[in-house]
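Throughout, protein chains are lettered first and strands after them, A, B, ... in sequence-line order, and every chain is numbered starting at 1. For clarity, every value in this text was computed on a predicted model and none was experimentally measured.
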Amino acid sequence: MGSNGAGKTTLFRTVAGVLKPCRGTIEFQGKQIHRLSPDRIVSLGLSLCPEGRQLFPQLSVYKNLLLGAYTRRKEMSRVRKTMEWVYELFPVLKERRNQPAGTLSGGEQQMLAIGRALMSEPEMLLLDEPTMGLAPLVVRRIAEVIKEINRAGTTVFLSEQNANIALMITERGYVLENGRIVLEGPSPELLENATVKRAYLGA
Amino acid sequence: MEVFVQQVFNGIMLGSTYAVVAVGLTLVFGILHIPNFAHGHFYMLGAYLTFFLVTSWKIDFWPALVLSAVLLALLGVLVERIVFRPMRDQPHVNAFISAIGTLMFLEAFVMVVWGPQGHRIPNPYPETVNLLGVVTTQQRLLVIAAAVVLIVLLHLFIKKTVMGATIEAVAQNREGAMLVGINVDRVSSVTFAVSAATAAIAASMVAPIFMVSPTMGALLGMKAFIVVILGGLGSVPGAIVGGYILGIVEALGGGYISADYKDVFAFGALILILAIKPTGLFGKEVG
C-alpha cells in the first residue's frame with residue numbers, strides 16, 4: 001500500500017514487463033524476468049490485473065475471458081474448467097457472458113478483469129487497485145473473492161489505497177513511499193502500527 | 001430505369017473493390033492507429049505481379065492471383081517490420097512519413113521495372129452476360145462474387161478464430177492484449193499480411209477489366225481512405241458499407257451527370273456524411 005504517486009502501479013507494470021527497469025533485476029521463481037516481454041512473463045505464470053482494467057470493450061465477456069487464457073489455448077478442456085471456476089466466483093459474469101465488456105458496470109468490469117487475469121492459471125496474481133472507485137458492497141465482494149483465490153492456491157500480490165481492506169485480507173504488508181519500502185511486516189501488526197494508523201487508516 | 005439498374009450494378013462492382021481494400025486498411029488502422037498510406041500501392045503492386053505472372057511466366061489467371069496474394073502477404077510482413085515497427089513509440093507523424101516513403105518507393109519501383117505506360121491483363125472471362133436487363137461480362141460478375149467470398153472469409157477469420165480475436169484485442173486495448181500474453185508483434189505481422197494479401201486479390205480481380213498502371217494505387221488508396229473515414233475509423237462493417245456506398249454514388253453520379261466528375265461525387269459524399277455524423281457511419285465515440 002501507499003498513497004497516490006508512491007509508485008505502486010509503476011512497480012506492478014514493471015514486474016509484468018510493460019515497463020522496463022533502468023537498473024536492478026526482477027526475479028520470479030528463481031528466474032530473471034525483467035528483460036522478458038509481457039507475453040513471456042504471462043506464460044511463466046505471472047499475471048497482472050491492471051489498474052484501469054484494460055478490458056476489450058467491444059468484445060463479449062466470454063471472449064475477454066477466452067483471450068485471458070491465450071497462453072493456454074492448446075489446452076481447451078482446462079480452459080473450460082477455469083472458466084467455470086471464474087463463473088462460480090463471479091456468477092454475474094456468467095449471466096452477462098454475451099454482453100460487450102464495455103456495457104458492464106464498473107464493479108462488473110473489475111470482476112471481469114480479475115477473471116480474465118485468472119484464466120491463464122497464474123502461480124502469482126498481481127492485483128493493482130482492484131477496489132478503486134467501487135461501491136462498498138462491491139468492495140466487500142471483491143475482497144472475499146481475493147481471499148478465495150488465495151485459498152485455491154494462487155499467490156496474490158495486492159496493491160491498495162484502501163489500507164483497511166488490504167490489511168484485513170492479506171498476510172504481509174509493505175508500505176511504499178516515493179518508490180521505496182518504508183515499512184513492512186505481518187498485516188495484523190501493521191494494522192496496529194501507529195504510523196500506518198495515522199497515515200493510511202485515518203485513525 | 002435500365003440506365004439506373006446498369007449504373008447500380010457498375011457501382012456494386014466498383015464498391016466491391018473499395019470494400020475489400022478498405023477492410024484491409026481499417027484492420028491495419030486498428031493496429032497502427034494511423035492509416036497506412038501505402039495500402040493503395042500494395043493494391044497496385046498486387047495487380048502488377050498478377051500481370052507479370054500471367055503475361056511473362058504464362059501462368060493461368062487463378063494460380064497467378066494466389067501467388068500474387070502470397071507475395072504481397074510477405075511484402076506486408078516486411079513493410080511492417082522495417083517501416084512501421086521502428087516507428088511504434090515515435091510521434092505519429094514519423095509513421096506518416098515512413099508510409100509516404102514506402103508508397104513513393106513502390107511506385108518508382110514499378111515505374112522502373114514495367115514502365116510508366118498502362119498494361120492490360122488478358123481477360124480470362126470476357127463473355128458477356130445478360131442478367132435481368134443488365135449487360136455485363138463474366139469477369140465483372142466474378143469481381144462481385146469474389147468480394148463477397150473474401151469479406152465472408154475475413155469475417156469468419158476475425159470472429160471465429162483465436163488469431164482473429166487477437167487482432168481485435170490488440171486494436172481495442174494494446175496493453176490489455178499484452179497482459180493476457182498476446183505477442184503484439186506477431187499480431188501486427190499477421191494483420192499486415194492479411195491486409196496486403198486481400199488488396200492483391202481485389203486488384204488482380206479487376207485488373208483484367210481496367211488498365212494496370214503505376215498511378216492506380218494512389219487514387220485507390222485515397223478512396224479506400226475515404227471509405228474508412230466514411231464508415232468510421234477502425235470499423236470493419238463500416239468499411240464494407242462505406243465501400244459499396246462510395247461505389248454506387250460514383251457510378252450514379254458518373255452515369256447521370258458526368259463521368260468527369262465522378263470523383264467529385266465521391267469526395268462530396270464524404271463531406272456530407274462527416275458533416276452529419278462526424279464519427280462516420282459506424283464510428284464509435286472517442287472516450
Side-chain angles (χ1 to χ4, degrees), chain A residues 9 12-13 15-20 36-60 62-76 79 100-103 109 112-122 125-128, chain B residues 23 26-27 29-31 33 81 85-86 88-90 154-191 231-240 279-287:
Chain A
T9 296
F12 276 55
R13 282 162 58 95
V15 172
V18 180
L19 300 174
K20 296 285 169 239
L36 299 181
S37 58
D39 54 290
R40 292 287 313 283
I41 292 175
V42 176
S43 40
L44 288 176
L46 209 157
S47 174
L48 168 65
C49 170
E51 184 185 336
R53 295 148 200 161
Q54 316 288 2
L55 298 171
F56 309 122
Q58 281 120 47
L59 297 184
S60 66
Y62 168 78
K63 258 198 170 167
N64 269 272
L65 290 175
L66 201 62
L67 282 167
Y70 181 73
T71 53
R72 300 210 177 263
R73 62 192 179 281
K74 304 243 154 59
E75 316 156 70
M76 274 318 283
V79 170
T103 64
Q109 289 193 17
L112 178 56
I114 296 174
R116 189 182 68 177
L118 284 174
M119 288 300 296
S120 64
E121 294 182 50
L125 176 66
L126 306 175
L127 284 174
D128 195 3
Chain B
V23 168
T26 214
L27 283 179
F29 177 84
I31 300 288
H33 296 292
R81 186 73 194 81
R85 199 177 294 177
R88 188 183 288 160
D89 299 318
Q90 308 294 322
L154 270 174
H155 176 84
L156 291 176
F157 170 68
I158 293 167
K159 294 295 173 192
K160 300 288 173 203
T161 68
V162 177
M163 193 100 233
T166 62
I167 293 179
E168 283 199 297
V170 173
Q172 291 179 22
N173 194 322
R174 188 182 202 95
E175 186 168 327
M178 284 175 169
L179 289 174
V180 297
I182 293 171
N183 182 337
V184 175
D185 289 341
R186 228 180 66 198
V187 173
S188 302
S189 296
V190 170
T191 312
L233 284 168
S235 161
V236 173
I240 297 167
T279 52
L281 294 172
F282 290 74
K284 282 133 202 143
E285 305 293 330
V286 180

Could you look at A/Arg40 and say if it's the side chain, the backbone, both or neither that has a heavy atom under 4.5 Å from chain B? neither
Examine whether an atom of A/Leu66 lies under 4.5 Å from a heavy atom of chain B, and if so say whether it belongs to the side chain, the backbone or both; otherwise answer neither. neither
Where [X] and [Y] come nearest, the two heavy atoms and their spacing:
X	Y	answer
A/Leu59	B/Gln172	N-OE1, 3.5 Å
B/Thr166	A/Tyr70	CG2-CE1, 3.3 Å
A/Phe56	B/Val180	CZ-CG2, 4.4 Å

Donor-acceptor under 3.5 Å (B/Glu175 side chain, A/Gln54 main chain): no
Are the side chains of A/Asp39 and B/Ile182 in touch, meaning some heavy atoms are under 4.5 Å apart? no
If you measure from CG on B/Leu179 to CG on A/Asp128, what distance do you get to the nearest 0.5 Å? 10.5 Å
Hey, could you give me the CZ/CE distance between A/Arg13 and B/Met178, rounded to the nearest 0.5 Å? 9.0 Å
Sort out for me which of A/Leu67, A/Thr71, A/Ile41, A/Val18 touches chain B most, counting heavy-atom pairs under 4.5 Å. A/Leu67
Option in A/Pro57, A/Ser37, A/Ser43 with maximal non-hydrogen atom pairs under 4.5 Å from chain B: A/Pro57
Taking atom CZ of B/Arg88 as the centre, does the number of heavy atoms from other residues, nucleotides or ligands within less than 6.0 Å exceed 12? yes
Would you say B/Phe157 has more than 12 foreign heavy atoms packed within less than 6.0 Å of its CZ? yes
Heavy-atom proximity to chain A below 4.5 Å, by part of B/Ala171: neither
Pick from B/Asp185, B/Val184, B/Asn183 with the largest number of heavy-atom pairs that fall under 4.5 Å of chain A: B/Asn183
